[in-house]
Amino acid sequence: MLLTVLSYVMIIVFMFVIMKKKMSPFTALVLIPLIFALIAMFAGVSKKGSIGDFVMEGIKTTSTTGIMLLFAILYFSIMLDAGLFDPITKKMIHIAKGDPMKVLIATAVVAAAVSLNGDGTTTTLICCSAFIPIYKKLDMKLMNLGVLVILQNTIMNLLPWGGPTARAMSVLNVGAEILAYLIPGMIIALLYVIFIVAPSMGRKERARLGIKQLTDEEIDAMTTVTDEETLAIRRPKIWLFNAILTIALIALLVTDSFVGLGLPPLLLFLTGTVVALMVNYPVLKDQSKRIGANGGDAVQVVILVFAAGVFMGLFQGTGMADALAQSFTKIIPNQLAGFWGLVIAVISAPGTFFISNDGFYFGVLPVLAEAGRAYGFTDMQMALASLMGQAFHLLSPLVAFIYLLLRLTGLDMGQWQKEAAKWALGIFVIFVVTIVLTGHMPLYIPQ
């Protein structure tokens, strides 16, 4: 009982200090779970083990992601330095002609397309690299960019290679036909972001900034680089090589997601970074300067990823995650048995937000599914229901790549979560309504 109370209090304290900006995400991710883990151990309610073991187990789960992020950030930073995205930025501003509405819709479309590979890190790096210069040139709010990227990635994350769907399939032993049941909701949700969310943001930006009828000459003047230090690191003569290298890298990332080439993202980004440095900056001194100039941004993100590993290690190692999972089933009244599919859908929202996907699907879902079978729900129905909460999962501080998104856009986590959550609620409703209306999950089964 005490362990359950500690788990809830820890989550409340953590979210409070983040939302109220009492602590930075880095310090909160380490100190808050450490304090509560020590309390649990001194109270004698923690699982057996040491703080060090718990922390190391947690860090193991995020170490590969952290190292991959290090080289992914370095790679795209080198491409930015070399000027790979300058022509893209210029072309998109020409198309938008100063209209923020067009830029926002383009952001939603590109984010959806890039998210096909199921990797949030790649989506974030590509979208931010391409669009941040445009947003800054037009004085648009980067909050809109951060929200649109995460919403589209949230939807596309339901593809089997994205992670949560594969976990639900394995735990409840359901087949690949689950994707066919998810696709109607995914398509409607994508259209919701492109034709409702982005235009809504666009109308506000139009009211704030107006529609600037920029001439081609004005756009050229706006996008021409004049700073001597920036010009010194640009490499326009090898732009085509950089473009081919980047396209090949992304193609291999996507292909590996589908067919498993045995080329992990870490290896691809590491190799890409080495090749990009050698070709663009063959002089060793220049290579060191580029690593030094961009290394700070990479380290800021990587330490947050490892801090998230500390949080997960302590939360799960002490048993607080299990206690939280068990409490979910105990607090649900028996009168809701006939609505068990909807119950799982609702629980999956906070469940996948406060607990990692592994913790929820391998720890919480089997318990919920056991009860659901007794109430007459099939494994497929419960698997679908468990994926509905993914609408909010990527807003969780336990998702590693969001620290990259927040770092690149300069957004505050609490404000970004609030802004994204109101639109994510629409995605959640779309997911639930579509699987109910298509008959793949009954709203109620008489008991």
Side-chain angles (χ1 to χ4, degrees), residues 59-82 84-85 88 110-130 149 152-154 156-167 169-170 176 179 235 238-282 287 290-291 294-295 297-299 301-302 305-306 308-309 356-358 394 399-405 408:
I59 288 178
K60 283 180 184 177
T61 64
T62 60
S63 58
T64 301
T65 300
I67 298 168
M68 183 269 288
L69 276 171
L70 172 65
F71 292 110
I73 295 167
L74 283 176
Y75 177 81
F76 281 98
S77 296
I78 292 165
M79 290 295 107
L80 278 168
D81 289 343
L84 173 65
F85 299 99
I88 300 170
V110 172
V114 178
S115 294
L116 273 168
N117 75 335
D119 180 54
T121 301
T122 308
T123 301
T124 297
L125 285 165
I126 293 173
C127 290
C128 287
S129 298
V149 167
Q152 296 295 60
N153 199 248
T154 287
M156 301 305 285
N157 200 42
L158 288 181
L159 292 169
W161 50 89
T165 302
R167 289 177 176 89
M169 289 169 65
S170 63
L179 182 59
R235 296 294 184 267
I238 50 176
W239 181 88
L240 183 60
F241 172 84
N242 287 331
I244 293 172
L245 177 64
T246 303
I247 292 169
L249 180 60
I250 295 169
L252 286 171
L253 283 166
V254 175
T255 304
D256 187 69
S257 299
F258 281 99
V259 298
L261 299 175
L263 298 172
L266 191 158
L267 174 62
L268 292 172
F269 279 118
L270 170 60
T271 306
T273 300
V274 170
V275 173
L277 276 173
M278 290 179 64
V279 174
N280 287 277
Y281 307 100
Q287 292 181 13
R290 289 303 91 220
I291 293 174
N294 298 308
D297 288 337
V299 169
V301 174
V302 172
V305 173
F306 285 116
S356 67
N357 270 340
D358 284 340
L394 295 186
V399 176
F401 81 86
I402 70 164
Y403 297 105
L404 172 63
L405 177 64
L408 292 176

Looking only at heavy atoms, which two atoms of [X] and [Y] are closest? And how far apart?
{"X": "M278", "Y": "Q287", "result": "CA-NE2, 3.8 Å"}
{"X": "A111", "Y": "S115", "result": "O-OG, 2.7 Å"}
{"X": "A112", "Y": "M156", "result": "O-CG, 3.8 Å"}
{"X": "V302", "Y": "G66", "result": "CG2-O, 3.4 Å"}

Exercise. Is there a donor-acceptor contact under 3.5 Å from the side chain of N157 to the main chain of N153?
Worked result: no

Could you measure the distance from the [atom1] atom of [X] to the [atom2] atom of [Y]? Nearest 0.5 Å is fine.
{"X": "I244", "Y": "I238", "atom1": "CD1", "atom2": "CD1", "result": "12.0 Å"}
{"X": "L252", "Y": "L267", "atom1": "CG", "atom2": "CG", "result": "10.0 Å"}
{"X": "S63", "Y": "I59", "atom1": "OG", "atom2": "CD1", "result": "8.5 Å"}
{"X": "L277", "Y": "R290", "atom1": "CG", "atom2": "CZ", "result": "9.5 Å"}
{"X": "F401", "Y": "L394", "atom1": "CZ", "atom2": "CG", "result": "4.5 Å"}

For this session: State which residue, out of L404, T62, V399, I67, fulfils the side chain to side chain contact (heavy atoms under 4.5 Å, CB included) condition with V305.
Result: T62

With a 4.5 Å cut-off on side-chain heavy atoms, are [Y] and [X] touching?
{"X": "L179", "Y": "T165", "result": "no"}
{"X": "L84", "Y": "L80", "result": "no"}
{"X": "P265", "Y": "T121", "result": "no"}
{"X": "T124", "Y": "I402", "result": "no"}

For this session: Apply side-chain contact (heavy atoms from CB on, under 4.5 Å) to F76 and I126, showing your working.
Result: CA-CA 8 Å; F76 281 98; I126 293 173; 3.9 Å; yes

Ignoring hydrogens and angles, write down the donor-acceptor pairs under 3.5 Å from the side chains of residues 68-75, residues two or more places apart or on other chains.
unit_1, atom_1, unit_2, atom_2, d
Y75, OH, T246, N, 3.4
Y75, OH, T246, OG1, 2.8

Problem set entry | A82: partners by side chain to side chain contact (heavy atoms under 4.5 Å, CB included), with sequence neighbours left out | R235, N242, N280, Y281

For this session: Please identify each residue that fulfils side chain to side chain contact (heavy atoms under 4.5 Å, CB included) with V275, with sequence neighbours left out.
Result: F241, L245, T271, V279

